[in-house]
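Shown next, in structure tokens, is the structure this report addresses.
Below, each value reflects all heavy atoms present in this structure, side chains not excepted, and no hydrogens, waters or symmetry copies.
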Amino acid sequence: MKILNPSGYITQHGLAFADATGAAIPVSDDHPLPVSISLPSARPSPLSGTTNQSILSSGFAPVTDRPIWLTLSGIWTGTVSVRRSSGPKAPAAPLTIGGKPWGIFDRNAMEPIGEESIPGAVWYLDIALAGGTLTYEVRQ
């Protein structure tokens, strides 16, 4: 492997890693750094349903370190507030940012609403309909 030094005042550096025998292998297109992100392969079943009345959804228990997506569709009026609890028996609180309400929807949407970092946390939808029929889904 040849390392080019484009300037006389910059020191040369080469990045390498050890192979199984401990020998240095220079990083290249043929030998990229041996790194990977390990995420759980299992994903929870989506929380989904259709309602024409106000409800608090059943819980969605996400895996950690993956985005949580919300999809709202249909012809409806009202609000959908995302709530979260630290576990199945803990009370669910509305999402906030800087103490201000956040995660409140009044129209159809499809967007990431968060990423969980605490195993065992549970997410809910607090659906307050004034009219129409709403189809919802929370998934990873």
**Check: I127 and F105 side chains under 4.5 Å, non-hydrogen atoms** = no
**Message:** According to a hydrophobic-cluster definition based on side-chain heavy atoms being under 4.5 Å apart (Ile, Leu, Val, Met, Phe, Trp, Tyr only), do I97 and L95 belong together?
**Reply:** yes
**Request:** Return the set of residues passing side chain to side chain contact (heavy atoms under 4.5 Å, CB included) with A18 (not counting sequence neighbours), or none when no residue passes.
**Result:** none
**Prompt:** So, T135 and T50: side-chain donor and acceptor under 3.5 Å apart, yes or no?
**Reply:** yes
**Asked** Do side-chain atoms of R84 reach the backbone of W123 as a donor and acceptor pair under 3.5 angstrom?
**Response** no
**Request:** Kindly indicate whether the side chain of S57, heavy atoms from C-beta on, has any atom under 4.5 Å from the side chain of L47.
**Result:** yes
**Message:** Within the 3.5 Å criterion, strictly below it, is a donor on N108 or W76 matched to an acceptor on the partner's side chain?
**Reply:** yes
**Cluster link Y124 to I104, ILVMFWY, side chain under 4.5 Å** = no
**Asked** Does the side chain of T77 reach to within under 4.5 Å of the side chain of L129, using non-hydrogen atoms?
**Response** no
**Prompt:** Going through the checks in order, is the side chain to side chain contact (heavy atoms under 4.5 Å, CB included) test met by L134 and L72?
**Reply:** CA-CA 7 Å; L134 170 69; L72 302 173; 4.0 Å; yes
**Message:** Side chains of F60 and E116, heavy atoms from C-beta outward: is any pair under 4.5 Å?
**Reply:** no
**Message:** Less than 4.5 Å apart, side chain to side chain, heavy atoms only: is that true for E115 and R66?
**Reply:** no
**Message:** Within this structure, what is the CG-CD distance for the pair L70 and E111, rounded to the nearest 0.5 Å?
**Reply:** 7.0 Å
**Message:** When you measure from the side chain of S85 to the backbone of P88, do you find a donor-acceptor pair of N or O atoms at a distance under 3.5 Å?
**Reply:** no
**Message:** So V138 and L125, do their side chains get closer than 4.5 Å, heavy atoms only?
**Reply:** yes
**Message:** Are R83 and L56 packed together at the side-chain level, in the sense that at least one heavy-atom pair is separated by less than 4.5 angstrom?
**Reply:** yes
**Asked** For the residue pair P62 and P44, what are the closest heavy atoms and their distance?
**Response** CA-CG, 4.0 Å
**Message:** I'd like to know if the side chain of Q140 reaches the main chain of V63, judged simply by a donor and an acceptor atom lying under 3.5 Å from each other, with no hydrogens or angles considered.
**Reply:** yes
**Message:** Checking D19 against T21: is there a side-chain donor and acceptor pair closer than 3.5 Å?
**Reply:** yes
**Prompt:** Do any N or O atoms from the side chain of T64 and from the backbone of I118 form a donor-acceptor pair under 3.5 angstrom?
**Reply:** no
**Request:** Consider only side-chain heavy atoms of I, L, V, M, F, W and Y, link residues closer than 4.5 Å, and tell whether I113 and W69 are in one cluster.
**Result:** no
